[in-house]
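Scroll down for the structure; my scribbles are underneath it.
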Amino acid sequence: MPGSADLSVLERPVLEAAPLLLGAVLRHDGVAVRITEVEAYAGEADPASHAGRGMTPRSAVMFGPAGHLYVYLAYGANFCANVVTGPEGEASAVLLRAGEVIEGLELAQARRGTSVKRELARGPGRLCSALGIRLRDNRTDLRVGPVTLELGVPVDPALVSTGPRVGVSKAADVPWRFWLTGDPTVSAYRSGAKG
DNA sequence: GTAATGATGAACT
DNA sequence: GTTCATCATTACG
């Protein structure tokens, strides 16, 4: 049955689900992006996660079923999109950090104000900007839309690199960032360490 | 009610 | 390499 999105694979533990999102296609409002970089946020036990201090109105969606979208506003100006993973009750999610625009190129260029293709979705805020994802898209069921996710054939693990997460000041040592090795759309690393 | 804090991006030296 | 705009969310009174 084509078109009937099966996201049940995302119910597995977040560190297994995260690399499966590499190569997946996220669509919204005329633009499609192939995901090239993600980060795992592993539930209430992860101090860097928004769910790390228990359930709040904002983090509640992370406690829900897999395959939903979690959108938040970072630093007052940039939206970031996550895919909720794991079984219901486990507050894990995968941050979509970067991707390559594969459809709706002109629309994405207009939204981003640049024509440099590899910069269109290079970074979580830019990715949301290119796709037109906003706070109102929080909690979207990715099987239904308006934001949708299509999982393809899992990429070869040999093509995937791992490393520490970007911009986090806690649990900065765990290699829970996954990206396609050598892909030009992968964002730059920035340490979250304070001093 | 007030204040501190960022899972960033853009601009600048 | 560094600085800073900007506001939803959270913690606290």
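Reminder, nothing fancy here: chain letters follow the sequence lines and each chain counts from 1.
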For DNA chain B, determine which residues of residues 15-39 of chain A have any heavy atom closer than 4.0 angstrom to one of its atoms, and list them numerically.
none
Per the under-4.0 Å heavy-atom filter, residues of residues 67-79 of chain A near DNA chain B come out as Y72(A), Y75(A), G76(A), N78(A)
With a non-hydrogen cut-off below 4.0 angstrom, is R177(A) in contact with a base, only sugar-phosphate, or nothing?
nothing
d(OH, Y189(A); P, dG9(B)) in whole Å
15 Å
Any idea which heavy atoms bring D137(A) and P146(A) closest together, and the distance?
OD1-CG, 4.1 Å
Rounded to whole Å, how long is the line connecting atom CG of N82(A) with atom P of dT8(B)?
11 Å
For a quick check, tell me whether the side chain of R190(A) and the base of dG9(B) share a donor-acceptor pair closer than 3.5 Å.
yes
Which donor-acceptor pairs under 3.5 Å do side chains of residues 80-95 of chain A form with protein atoms, sequence neighbours excluded?
residue	atom	partner	partner atom	Å
N82(A)	ND2	Y70(A)	O	3.2
T85(A)	OG1	S92(A)	OG	3.1
S92(A)	OG	T85(A)	O	3.0

Could you tell me the separation between the CG atom of L7(A) and the CG atom of D141(A), rounded to the nearest 0.5 Å?
7.5 Å
Ignoring hydrogens, what is the shortest heavy-atom contact between L22(A) and F178(A)? Give both atom names and the distance.
CD2-O, 3.9 Å
How many angstroms lie between CE in M62(A) and CD in E44(A), if you round to the nearest 0.5 Å?
10.0 Å
How long is the gap from CD on E39(A) to CZ on R177(A), to the nearest 0.5 Å?
6.5 Å
May I have the distance from R112(A) (atom CZ) to dA10(B) (atom C1'), rounded to whole angstrom?
10 Å
By side-chain contact (heavy atoms from CB on, under 4.5 Å) - contacts of A110(A) (at least two apart):
none
Going by chain and number, the hydrophobic cluster around I102(A) (ILVMFWY, side chain to side chain under 4.5 Å) further includes V25(A)
Here the gap from S129(A) atom OG to R111(A) atom CZ, rounded to the nearest 0.5 Å, amounts to 8.0 Å
E150(A): which residues meet the salt bridge (charged side-chain N to carboxylate O under 4.0 Å, His left out) condition with it, sequence neighbours left out?
R27(A)
Given a 3.5 Å cut-off on both pairing distances, which stems involving DNA chain B, each at least three consecutive Watson-Crick or G-U pairs, are present, if any?
B:1-6 with C:7-12, B:8-12 with C:1-5
Just call it for R165(A): base, sugar-phosphate, or nothing, with non-hydrogen atoms closer than 4.0 Å on any strand.
nothing
Write out a two-atom table: protein N or O, nucleotide N or O from nucleotides 2-4 of chain B, distance below 3.5 Å.
none

Could you go step by step and tell me if L120(A) and T114(A) meet the side chain to side chain contact (heavy atoms under 4.5 Å, CB included) rule?
CA-CA 7 Å; L120(A) 293 176; T114(A) 179; 3.9 Å; yes
Does H50(A) make a side-chain N or O approach to OP1 or OP2 of dT9(C) shorter than 4.0 Å?
no
Taking only Lys NZ, Arg NE, NH1 and NH2, and the carboxylate oxygens of Asp or Glu, determine whether R126(A) and E119(A) approach each other closer than 4.0 Å.
yes
For side chain to side chain contact (heavy atoms under 4.5 Å, CB included), just list the numbers for V71(A) and V147(A), CA-CA rounded to whole Å, side-chain angles, deciding distance to a tenth of an Å, and then say yes or no.
CA-CA 11 Å; V71(A) 181; V147(A) 184; over 6 Å; no
When you compare the protein's N or O atoms with those of nucleotides 11-13 of chain C, which come within less than 3.5 Å of each other, and at what distance?
residue	atom	partner	partner atom	Å
dA11(C)	OP1	R53(A)	NE	3.4

Assess whether side chain to side chain contact (heavy atoms under 4.5 Å, CB included) is satisfied between Y72(A) and N138(A), documenting all intermediate values.
CA-CA 7 Å; Y72(A) 69 93; N138(A) 193 22; over 6 Å; no
Counting only heavy atoms and a strict 4.0 angstrom limit, can you tell me which residues of residues 117-142 of chain A come near DNA chain B?
G123(A), P124(A), G125(A), R126(A)
Using every non-hydrogen atom in the two residues, find where P19(A) and V155(A) come nearest and quote the distance to one decimal.
O-CG2, 4.4 Å
Taking salt bridge (charged side-chain N to carboxylate O under 4.0 Å, His left out) as the definition, give me every residue that meets it alongside R12(A), ordered by chain and number, with sequence neighbours left out.
E16(A)
May I ask whether L21(A) and L142(A) are part of the same hydrophobic cluster, defined by side-chain heavy atoms of I, L, V, M, F, W, Y residues being less than 4.5 angstrom apart, directly or through others?
yes
Which pairs would a plain distance check flag for residues 180-189 of chain A, meaning a side-chain donor or acceptor within less than 3.5 Å of a matching protein atom at least two apart in sequence or in another chain?
residue	atom	partner	partner atom	Å
T181(A)	OG1	L159(A)	O	3.0
T181(A)	OG1	S161(A)	N	3.4
T181(A)	OG1	S161(A)	OG	2.6
D183(A)	OD1	T185(A)	N	2.9
D183(A)	OD1	T185(A)	OG1	2.6
T185(A)	OG1	T36(A)	OG1	2.9
S187(A)	OG	E37(A)	OE1	2.8
S187(A)	OG	E37(A)	OE2	3.1
S187(A)	OG	R97(A)	NE	3.4
S187(A)	OG	R97(A)	NH2	3.3

